[in-house]
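Heads up, the thing below is written out as structure tokens.
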Amino acid sequence: MSCTTILVGKDATYDGSTMIARNDDSGSGHFTAKKFTVVSAKDLPKKYVSVLSHVEIPLPAKGFRYTCTPNAVEGKGIWAAAGVNEKNVGMTATETITSNPRVLGADPLVEYEAAKDGKPEKKGGIGEEDLVVLVLPYIKSAREGVKRLGELLEKYGTYEMNGIAFSDEKEIWWMETIGGHHFIARRVPDDCYVVMPNQLGIDYFDLEDAFGAQREYMCSSDLREFMEENHLNLSMWGSDLSDDEKLDKDIFNPREAFGSQSDADHVYNTPRAWYMLRYFNPMTADFDGPDADFRPQDDYLPWRMSPERKITPEDVKYVLSSHYQGTPYDPYKSYGDKSQAGAYRSIGINRNDFLGFIQIRPYMPAPAKAVEWVAFASNAFNTMVPFYTNVETTPSYMNSTTGTVSTDSFYWTSRLIAAMADASYKTSLNLIERYEEAVLSKAHQILAKTDKIFLDAAAEQKLNDASRKAAAAKKEGAKQVRAKKPVGKAEAIKICTAANEETAAMVRKEAEETLSKVLDACSNSMKNQYARSDA
């Protein structure tokens, strides 16, 4: 699948949360209906069987409940895509990335082969269809996510190149597969954001740390030998180093070694990274003009940068909705020189299936730490809404998607709005802007109101604990101080569920009103319109 990812470290966000987000996009010419749902721990299977690759994998005996955004129509597998488990660990999988013939020749992808001419079938490896289901229910931290998936990749292999993000309240890890059985992973610096546009992206790697303390880097167990045997390290260390010294260097550029710099990248991938970097760092470097520091087709755009200001959820949504607004490449450009309009692949494209944006908030009590923002259809014309992940079910408006178009589903309503708003762009744009602002404003209100319930309960509990300790220290009146019960597990789920239902009802009302207005705007721009009235 073609996708776009952004990762934001906790010191680069407006509230100290970790944020990972990805557009899940269908391939050219088709669309995949999605739904937002929850998988209970008691419903986790004992064995996983992939629909596409037929690989069979035994699963741990115990796991955790998790949210996910699977395909709404059965037939091609689960494709759980993104979610948060009950330990407040987030995962998004996957960003389809690129490689090169040297890597794929050295470690071929593990592709499924059907039985033919008397030969038995050859099972394939694991891929985007499988990864969330195989990993997210069984990890307690982002770091554990890298380790578990790394073990699966080394054992079963993969049939595609993928980038995967893991997050918890403390850190974010980005993992990239290399060929059939290898991988690298890097911790996102806390004060930085990362942009990923369907390319292998990590541009700096320290093998010494990866094979040592693993503070910032991890990789497959034989990566050093794999690189040396297949001459994959393309780094130039300078003429002053001997051959032995060059081999001893543990710092290298994975993008050069394992990635691609093709003509297709220059119109499909790198411009997306350029636009996101340009948005968050407009004063850091020059992004425009013939003498720009960074240009849309540059192969060496930074994998990560420290933003010029702290990043908000609205910023994340904006860049993942981009169609190059404010540049010569905007396909909706209506004035001036239009010769370059539509030259590059937009981020907010017609075939966005959904946006999954995971925010883990360290200042909240555990039952309310994780919020998952969800949007469906083309990001250029939709809105996202936040849902607490500490729930056992999601609202019907979010989980009832089928293959049949229906305004009872947020997915289909969003698809209808997007298609008609595109067809009536000039008259509908202001309607979409008002729709998104209204939904986000009301969503923040619901979050603030619900967060206060948990924060007030935590504050009371802390005060009561302090009073009991003080009384006990004086050895008098200890029995007279009664501790208020904290929010219990069942009550917390009930509070989060109620907030989610309120959010769903709110966005349904706003979406249906917007659909009606965009329908009128689109109808008034039909080709067979005529000014004379029949009245």
Side-chain angles (χ1 to χ4, degrees), residues 1-8 20-28 92-107 109 127-128 131 153 158-165 172-180 182-186 188 192-205 217 219 227 232-235 252-281 287 293-305 319-320 322 324 329 343-349 351-352:
M1 295 292 182
S2 52
C3 307
T4 308
T5 296
I6 180 169
L7 319 170
V8 191
I20 64 174
R22 180 174 64 93
N23 288 350
D24 183 290
D25 306 337
S26 286
S28 180
T92 178
T94 70
E95 179 81 24
T96 304
I97 59 175
T98 53
S99 188
N100 63 64
R102 297 179 302 282
V103 169
L104 299 178
D107 183 12
L109 298 174
E128 184 170 353
L131 299 187
L153 287 167
T158 181
Y159 53 82
E160 59 189 358
M161 293 285 295
N162 283 314
I164 304 97
I172 299 170
W173 281 83
W174 176 251
M175 182 178 189
E176 297 179 326
T177 64
I178 301 165
H182 294 84
F183 73 91
I184 55 174
R186 183 174 176 184
V188 176
C192 291
Y193 68 96
V194 165
V195 295
M196 285 298 307
N198 285 134
Q199 277 183 294
L200 191 142
I202 297 175
D203 56 5
Y204 182 94
F205 200 84
Y217 303 88
C219 66
M227 291 176 63
L232 295 176
N233 191 346
L234 303 184
S235 299
F252 74 100
N253 186 336
R255 194 183 298 175
E256 294 175 342
F258 310 131
S260 64
Q261 297 88 34
S262 69
D263 292 339
D265 288 327
H266 299 156
V267 296
Y268 196 81
N269 296 325
T270 56
R272 285 182 275 160
W274 169 83
Y275 188 86
M276 290 188 281
L277 295 171
R278 179 180 183 269
Y279 177 83
F280 290 117
N281 288 83
F287 290 87
D293 301 303
F294 298 119
R295 294 164 295 186
Q297 297 191 17
D298 284 352
D299 290 319
Y300 298 101
L301 294 169
W303 176 72
R304 52 88 175 172
M305 290 187 77
V319 295
L320 290 181
S322 159
Y324 303 105
Y329 317 115
Y344 301 132
R345 190 263 205 206
S346 293
I347 299 173
I349 202 169
R351 46 191 167 83
N352 297 141

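No experiment lies behind these values; they were computed from the predicted model shown. Starting from 1, each residue takes its place in the sequence as its number. Heavy-atom basis, side chains included; hydrogens, waters and symmetry copies ignored.
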Original post:
Which class fits the ring pair Phe252 and Phe258: parallel under 30°, tilted 30 to 60°, perpendicular over 60°?
Top reply: perpendicular

Subject >> Asn352 side chain to Asn23 backbone, donor-acceptor under 3.5 Å >> reply: no

Original post:
Heavy-atom distance under 4.5 Å between the side chains of Tyr268 and Ser262, does that happen here?
Top reply: no

Original post:
How far apart are the C-alpha atoms of Arg351 and Asp25, what are their side-chain angles, what is the distance that settles it, and do they pass the salt bridge (charged side-chain N to carboxylate O under 4.0 Å, His left out) test?
Top reply: CA-CA 6 Å; Arg351 46 191 167 83; Asp25 306 337; 5.4 Å; no

Subject >> Between CG on residue Asn198 and CD1 on residue Ile97, distance to nearest 0.5 Å >> reply: 9.5 Å

Subject >> Separation of Gln261 CD from Gln199 CD (nearest 0.5 Å) >> reply: 8.0 Å

Original post:
Which is it for Arg345 and Thr4 under the side-chain contact (heavy atoms from CB on, under 4.5 Å) test, yes or no, and what are the steps along the way?
Top reply: CA-CA 11 Å; Arg345 190 263 205 206; Thr4 308; 3.9 Å; yes

Original post:
Which atom pair, heavy atoms only, marks the closest approach of Ala273 to Leu301?
Top reply: CB-CD1, 4.0 Å

Original post:
With under 30° as parallel and over 60° as perpendicular, where do the rings of Tyr324 and Tyr344 fit, or are they tilted in between?
Top reply: perpendicular

Original post:
Are any non-hydrogen side-chain atoms of Asp203 and Tyr300 less than 4.5 angstrom apart?
Top reply: no

Original post:
Looking only at heavy atoms, what is the nearest atom pair of Leu277 and Met305, with distance?
Top reply: CD2-SD, 3.6 Å

**OP:** Name the orientation class of the two ring planes belonging to Phe287 and Phe294 (parallel below 30°, tilted from 30 to 60°, perpendicular beyond 60°).
**Re:** tilted

Subject >> Heavy-atom pair with the smallest gap, counting every atom of Asn269 and Pro197 >> reply: OD1-O, 2.8 Å

Original post:
Does Glu176 use its side chain to pair, donor to acceptor, with the backbone of Gly201 at less than 3.5 Å?
Top reply: yes

Original post:
Can you check whether Tyr217 reaches Phe205 side chain to side chain, under 4.5 Å on heavy atoms?
Top reply: yes

**OP:** Evaluate the side-chain contact (heavy atoms from CB on, under 4.5 Å) criterion for residues Asp298 and Thr270: first the C-alpha distance (whole Å), next the side-chain angles of each, then the deciding distance (0.1 Å), finally the verdict.
**Re:** CA-CA 7 Å; Asp298 284 352; Thr270 56; over 6 Å; no

Original post:
Under 3.5 Å, is there a donor-acceptor pair between the side chain of Arg255 and the main chain of Asp299?
Top reply: yes

Original post:
Would Phe183 and Thr158 satisfy side-chain contact (heavy atoms from CB on, under 4.5 Å), going step by step from the backbone distance to the final call?
Top reply: CA-CA 10 Å; Phe183 73 91; Thr158 181; over 6 Å; no

Original post:
Given side chains that start at C-beta, do those of Arg304 and Val188 come closer than 4.5 Å, heavy atoms only?
Top reply: no

Original post:
Taking atom CG of Asn281 and atom CE of Met276, what is their separation to the nearest 0.5 Å?
Top reply: 12.5 Å

**OP:** List the atom of Trp274, the atom of Arg295, and the distance in Å for their closest heavy-atom pair.
**Re:** CD1-C, 3.4 Å

Subject >> Interatomic distance, Thr96 atom OG1 to Glu128 atom CD [nearest 0.5 angstrom] >> reply: 5.0 Å

Original post:
Do the side chains of Ile349 and Arg272 get nearer than 4.5 Å, heavy atoms only?
Top reply: no

**OP:** Working to the nearest 0.5 Å, report the span between CZ of Phe280 and OH of Tyr275.
**Re:** 10.0 Å

Subject >> Heavy-atom closest contact (Asn253 atom, Ser235 atom, distance) >> reply: N-OG, 3.6 Å

Original post:
Does a side-chain heavy-atom distance below 4.5 Å link Leu232 with Glu256?
Top reply: no

Subject >> From CG (Leu7) to CD (Glu95), nearest 0.5 Å >> reply: 9.5 Å

Original post:
Do Arg102 and Leu234 touch side chain to side chain, with heavy atoms closer than 4.5 Å?
Top reply: yes

**OP:** Could you tell me whether the side chain of Val195 reaches within less than 4.5 Å of the side chain of Thr5, counting heavy atoms only?
**Re:** no

Subject >> Exercise: identify the closest heavy-atom pair between Asp265 and Pro271 >> reply: O-CD, 3.7 Å

